Amino acid sequence: MAVVFEKPKSLADVPLHYCPGCPHGIIHRLVAEAIDELGIEGKAIGVAPVGCAVMAYDYFTCDMIEAAHGRAPAIATGIKRCRPENIVFTYQGDGDLASIGMAETVHAAARNENITVIFVNNAIYGMTGGQMAPTSLPGQVTQTSPYGRDVNHCGWPIRVCEMLSTLEGPEFITRVAVNNVKNVNAAKKAIKKAFQNQMEGKGFNLVEVVSACPTNWGMTPQQALQWVESDMLPYYPLGVYKDRTAAKEGK
Amino acid sequence: MAKVTFRTDLCKGCGLCVNACPKGLLAIAADQINAKGYSPAVMTDMEKCIGCAFCATMCPDCIITVEK
Ligand SMILES: Cc1ncc(C[n+]2csc(CCOP(=O)(O)OP(=O)(O)O)c2C)c(N)n1
Ligand code: SF4
């Protein structure tokens, strides 16, 4: 018998602290699989966020560094410019990337920094106990929107891929999801491409992964994945929002 | 013939593998408790397993190995 599925080597052999059914674990694995398949474990440097993935530095076997809240793309910029031979990625939640860190995100994309950003959109602040995020949906009940997000009071959720794809700068902007096997497999391909582009020196890559937070959404893991399908994906459609190389080649 | 192995002590009993199995072969063992204090996922009929690895694809804790 041959092994058809096992833990990737770049994912450390330690228990993950995430809640039961939290897709952060799936997304970690996809990143580790991409690192393994591209053979870049010795060259990769990851930047961990503030958020539930704050301990990502313990979960990947490559070099890791911890950024202040939202600053991962700035740290990644510094590392990549000093060490262009390394492959540099950030792993960030929506509070980290699209709230406190929005400036760093937009400017790193505008400068077309040659880095890879993994953006986990679970429409809530997980780590701090479920406050409203810039990506929380209209009407979504959170700790800070107990009657549902009122867009007249709090504004509308931000579609990061759509917004960044209006910039000339970035190379590759795409949105994927991990709510079922088919989407997980597509997410894997997108993440691998986002690393490959960096290896080829193409510039800024962002993969938004529509995720879930069963704990703070107050759902079972399976209900949360269903809510991704029924409520998240209509507001956050999957697809490639920018692919400069493909556009150039007329694809 | 396929074989699925769980690192049962790391299972959090989230059940995503149970829902992912196209043959409905997995279950949460309500009568068992693992080292973490969760009722873990178990294989109920290994003979019928087709080795598609859908369970492992959805496992957030990467505790499933699939052989075929
Ligand atoms: C400068 C600063 N401001 C606020 C916080 C509190 N804080 C910790 S995590 C977090 C948001 C996390 O949400 P998200 O980035 O969506 O990640 P998740 O936990 O959902 O994965 C906040 C506001 C902090 N640690 N540092
Ligand atoms: S709080 Fe939410 S995002 Fe954080 S580990 Fe738990 S389920 Fe995942």
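From a predicted model like this one, the values you see are computed outputs, not experimental measurements. Numbers restart at 1 for each chain; the letters A, B, ... are given by sequence-line order, proteins then strands. FYI, side chains are in, hydrogens and waters are out, and symmetry mates aren't considered; it's all heavy atoms of this structure.
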With only heavy atoms counted, which part of [X] is less than 4.5 Å from chain B, the side chain, the backbone, both or neither?
X: A/Asn185; answer: side chain
X: A/Leu11; answer: side chain
X: A/Asn183; answer: neither
X: A/Leu225; answer: side chain
X: A/Val184; answer: side chain

For [X], is it the side chain, the backbone, both, or neither that has a heavy atom closer than 4.5 Å to a heavy atom of chain A?
X: B/Lys3; answer: both
X: B/Ile64; answer: backbone
X: B/Cys11; answer: neither

key: CG on B/Asn19 to CG on A/Asn180, rounded to 0.5 Å   =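 Atom-to-atom, A/Asn180:CG and B/Asn19:CG are 11.5 Å apart.
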Taking all non-hydrogen atoms of both residues, which atom of [X] and which atom of [Y] are closest, and how far apart?
X: B/Met58; Y: A/Ile26; answer: O-CD1, 3.4 Å
X: B/Lys12; Y: A/Leu16; answer: NZ-O, 2.9 Å
X: A/Glu6; Y: B/Thr65; answer: CB-CG2, 4.1 Å
X: B/Lys36; Y: A/Pro15; answer: NZ-CB, 4.2 Å
X: B/Cys62; Y: A/Arg29; answer: SG-CD, 3.4 Å
X: A/Gly21; Y: B/Cys14; answer: N-CB, 3.2 Å

task = Select, from A/Lys188, A/Lys7, A/Gln222, A/His24, the one with the greatest count of heavy-atom pairs under 4.5 Å involving chain B.
result =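 Sorted descending by pairs with chain B, the first entry is A/Gln222.
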request  = Find out whether B/Thr57 and A/Lys182 are in side-chain contact, i.e. whether some heavy atom of one side chain is under 4.5 Å from a heavy atom of the other.
outcome  =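 In short, these two side chains do not touch, never coming nearer than 4.5 Å.
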task = Measure the shortest side-chain to side-chain distance between B/Tyr38 and A/Pro20 over non-hydrogen atoms and say whether it is less than 4.5 angstrom.
result = yes
key: Within 6.0 Å of CD1 in B/Ile50, more than 12 heavy atoms from elsewhere   =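 Counting other residues, nucleotides and ligands, CD1 of B/Ile50 exceeds 12 neighbours.
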